[in-house]
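A short write-up of the structure that comes next.
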Amino acid sequence: MKDKIYSEPQSNIEDFVFDETVSQVFDDMVDRSVPGYRTLIANLGPIAAKFIMANTNCYDLGCSHGAAALSVYRHLPHKNVTIHAIDNAKAMIEQCNQLINEAKADDVIHTHISDIQDITVVNASIVLLNLTLQFIPIDQRSIVLESIFNGLIRGGVCVLTEKIIMPDEHSESLFQELHTNFKSANDYSDLEISQKRKSLENVLIRETLDIHTIRLRSVGFTTIIPWFQCFNFVSLLAIK
Ligand code: GEK
């Protein structure tokens, strides 16, 4: 279904929530809003295949419709793995369950409706935070990453994808403009772009790449490798 949520003028723009309305159009929304989303998803599977260890867990935190979990599933070298796909939005998990069912992946991918701040990561070889940490309050982010680090086995990886803010005004406005152009080219009107931006203002809180890297180091990750960037969307491999 095509995303038309912000196509009509709204007198009062409320904070963005991942509800039933968003879930219905999510696949179209993310594809038309996140430059490189398909590349990200397509490569999470092959990345996971390099790190996955038998008899461990893989976590997809903030899984939405499970695109990342399914990409991992499709590249599993063996089935001795459990993939936990977790999201606190019921509507997202319901759609995720349907797609997992269609892929006949129910034996491997287990879904959970939960806040990622309330889960304990255990015996993990891979933890995916694909565009999710940006929705966690800044003062909680270290706690989430610390718990991921503690739950990873040695050699395990946390893949962190974020929309970042650039450290200087010039590159920030350049990337804002390029991102806006990307959305316009994907058939979003100026009204849709500005209303969506307003609704995300207090919900999606961006930080610089430096801050993310420093935080990952501070919780214990020693090897941090940027593997993807398109404008202000960046993905890092943080290896334990
Ligand atoms: C993908 N990873 O397609 N606990 C659990 N889930 C949360 C929380 C939280 N505290 N906060 C937000 N979410 C996906 C895309 S979308 C990115 C991730 C975007 C969930 C929220 O419900 C939504 O499903 C997801 O994180 C963010 O690879 O919409 O920009």
Side-chain angles (χ1 to χ4, degrees), residues 3 5-6 15-45 47-48 58-75 83-100 103 109 111-121 126-145 147-148 158-165 179 182-183 186 188 193 196-197 199-207 228 230-236:
D3 170 24
I5 294 177
Y6 295 101
D15 279 354
F16 190 86
V17 279
F18 291 98
D19 56 13
E20 177 68 42
T21 313
V22 168
S23 180
Q24 276 174 3
V25 299
F26 179 77
D27 299 318
D28 177 67
M29 174 188 277
V30 74
D31 197 33
R32 286 163 65 214
S33 310
V34 177
Y37 177 75
R38 286 186 197 196
T39 303
L40 281 162
I41 294 298
N43 284 287
L44 289 175
I47 289 170
C58 166
Y59 292 82
D60 180 5
L61 303 180
C63 62
S64 302
H65 291 171
L70 283 164
S71 177
V72 173
Y73 173 79
R74 293 192 177 106
H75 290 83
I83 302 174
H84 298 280
I86 297 163
D87 203 292
N88 63 354
K90 186 165 168 274
M92 287 292 192
I93 291 291
E94 281 168 1
Q95 177 63 12
C96 184
N97 282 337
Q98 199 172 319
L99 294 171
I100 290 167
I109 309 179
T111 61
H112 312 263
I113 302 176
S114 171
D115 193 307
I116 64 163
Q117 294 171 92
D118 297 334
I119 61 135
T120 309
V121 171
I126 298 158
V127 180
L128 307 175
L129 275 169
N130 198 42
L131 303 162
T132 304
L133 195 69
Q134 59 198 17
F135 295 106
I136 302 296
I138 287 186
D139 62 356
Q140 300 298 305
R141 293 180 185 179
S142 286
I143 299 168
V144 169
L145 290 176
S147 119
I148 291 172
C158 172
V159 185
L160 176 65
T161 311
E162 288 279 293
K163 182 178 184 188
I164 58 162
I165 190 162
H179 186 211
F182 171 85
K183 286 189 280 193
N186 283 332
Y188 278 120
I193 293 169
K196 170 98 180 285
R197 182 173 296 145
S199 81
L200 281 170
E201 213 168 63
N202 303 315
V203 179
L204 190 169
I205 311 296
R206 297 178 296 142
E207 295 178 290
F228 170 93
C230 186
F231 308 146
N232 43 2
F233 291 81
V234 173
S235 190
L236 304 171

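We use all heavy atoms of the structure for the numbers below, so side chains are in, but hydrogens, waters and symmetry mates are not. Atoms within each ligand, like the ligands themselves, are counted from 1 in listed order.
In this structure, CG in N186 is found 7.5 Å from CG in D31, a value given to the nearest 0.5 Å. The line from CG of L204 to OG of S199 is 9.5 Å long, rounded to the nearest 0.5 Å. To the nearest 0.5 Å, atoms CG (L40) and OG1 (T161) are separated by 5.0 Å. For the atom pair D19 CG and Q24 CD, the distance stands at 9.0 Å (nearest 0.5 Å). Interatomic distance, F16 CZ to E201 CD, rounded to the nearest 0.5 Å: 14.0 Å.
Residue nearest to atom 16 (S) of ligand 1, selected from P137, S33, S64: S64 (by heavy-atom distance).
Checked against a 3.5 angstrom limit, the closest N/O atoms of I116 and ligand 1 fall inside it. Between D87 and ligand 1, at least one N/O pair is under 3.5 Å apart.
Using a 4.0 Å cut-off between charged nitrogen and carboxylate oxygen, E94 and K90 count as a salt-bridge pair.
Side-chain contact annotation: D60 with H84, donor-acceptor N/O pair under 3.5 Å absent. For the residue pair S33 / H179, no side-chain donor-acceptor distance below 3.5 Å is found, with atom types taken as modelled.
For atom 13 (N) of ligand 1, the nearest non-hydrogen atom of the protein is N88 OD1, 3.6 Å. Summary of contacts: the protein heavy atom closest to atom 1 (C) of ligand 1 is Y37 OH, 3.5 Å. The single protein non-hydrogen atom nearest to atom 10 (N) of ligand 1 is D115 OD1, 3.1 Å, given as residue, atom name and distance. Among protein heavy atoms, atom 21 (C) of ligand 1 sits closest to F18 CD1, 3.4 Å. In terms of protein heavy atoms, atom 26 (O) of ligand 1 is closest to G62 CA, 3.6 Å. The single protein non-hydrogen atom nearest to atom 11 (N) of ligand 1 is F135 CB, 3.9 Å, given as residue, atom name and distance. Shortest contact from atom 17 (C) of ligand 1 to any protein heavy atom: L131 O, 3.2 Å.
Taking a 4.0 Å cut-off on heavy atoms, V30 fails to register as neighbouring ligand 1. Distances shorter than 4.0 angstrom do not occur between any heavy atom of H65 and any atom of ligand 1. Ligand 1 lies within reach of I41, whose nearest heavy atom is under 4.0 Å from it.
You'll find the side chain of F182 stays beyond 4.5 Å of the side chain of V34, heavy atoms only. Between I136 and I143, every side-chain heavy-atom pair lies at or beyond the 4.5 Å cut-off.
Classified by interplanar angle (parallel below 30°, tilted 30° to 60°, perpendicular above 60°), the ring pair F135/F18 is perpendicular.
Every atom of ligand 1 is numbered from 1 in the order shown, and the set under 4.0 Å from a heavy atom of S114 is 4 (N), 5 (C). If you number the atoms of ligand 1 from 1 as listed, the ones under 4.0 Å from a heavy atom of N130 come out as 1 (C), 2 (N), 14 (C), 15 (C), 18 (C), 28 (O). Counting atoms of ligand 1 from 1 in the listed order, those under 4.0 Å from a heavy atom of M92 are 24 (O). Close contacts between ligand 1 and A89 involve ligand atoms 22 (O) [criterion: under 4.0 Å to a heavy atom]. Residue Q134 has at least one heavy-atom neighbour below 4.0 Å for each of these atoms of ligand 1: 30 (O).
Between R141 and the choices Q134, E207, Q117, the side chain to side chain donor-acceptor pair (under 3.5 Å) rule is met once, by E207.
The residue L61 has no part lying near ligand 1, judged by heavy-atom distances below 4.0 Å.
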